K.L.:
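Before I ask anything, here is the structure I am working with.
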Amino acid sequence: MAQPADQETVSLLRWLRRQLRQPTPERERLEAAVANDDPAEARRLLERYPFGEAQRRHVEGLIDRWEARRGAN
């Protein structure tokens, strides 16, 4: 897997690995979306997970910052 280039993607990968401890196909798709710099796909995949409100806000904030960084480049 390619190395993430910025703090948002590093944070998102760490968060995903903590929350989704088992290496499932879903987690692998999420990691691939991060590796391929595809926040829209990551957001779409994460909609399927039954996160608590605080967890959802946190991960959505990470994706928002990721999208903002992409838009700034």
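Note that the structure is a prediction, hence the values are computed from the model and not measured.
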K.L.:
Search all heavy atoms of A42 against all heavy atoms of A33 and return the closest pair with its distance.
P.N.:
N-CB, 3.8 Å
K.L.:
Testing E47, Q55, R48 for side-chain contact (heavy atoms from CB on, under 4.5 Å) with F51, which one passes?
P.N.:
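Only match with F51 under side-chain contact (heavy atoms from CB on, under 4.5 Å): Q55.
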K.L.:
Would you list the atom pairs, donor with acceptor, under 3.5 Å between side chains in residues 56-64 and any protein atom, with sequence neighbours excluded?
P.N.:
unit_1, atom_1, unit_2, atom_2, d
R56, NH1, L46, O, 3.3
R56, NH2, Y49, O, 2.3
D64, OD1, R43, NH2, 2.8

K.L.:
Give the minimum heavy-atom separation between A40 and E67, together with the two atoms involved.
P.N.:
N-OE2, 4.4 Å
K.L.:
Grab the two heavy atoms, one from W66 and one from D37, that are nearest each other, plus how far apart they are.
P.N.:
NE1-OD1, 2.7 Å
K.L.:
Kindly write out the residues that satisfy salt bridge (charged side-chain N to carboxylate O under 4.0 Å, His left out) with E41, not counting sequence neighbours, or none if the list is empty.
P.N.:
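R44.
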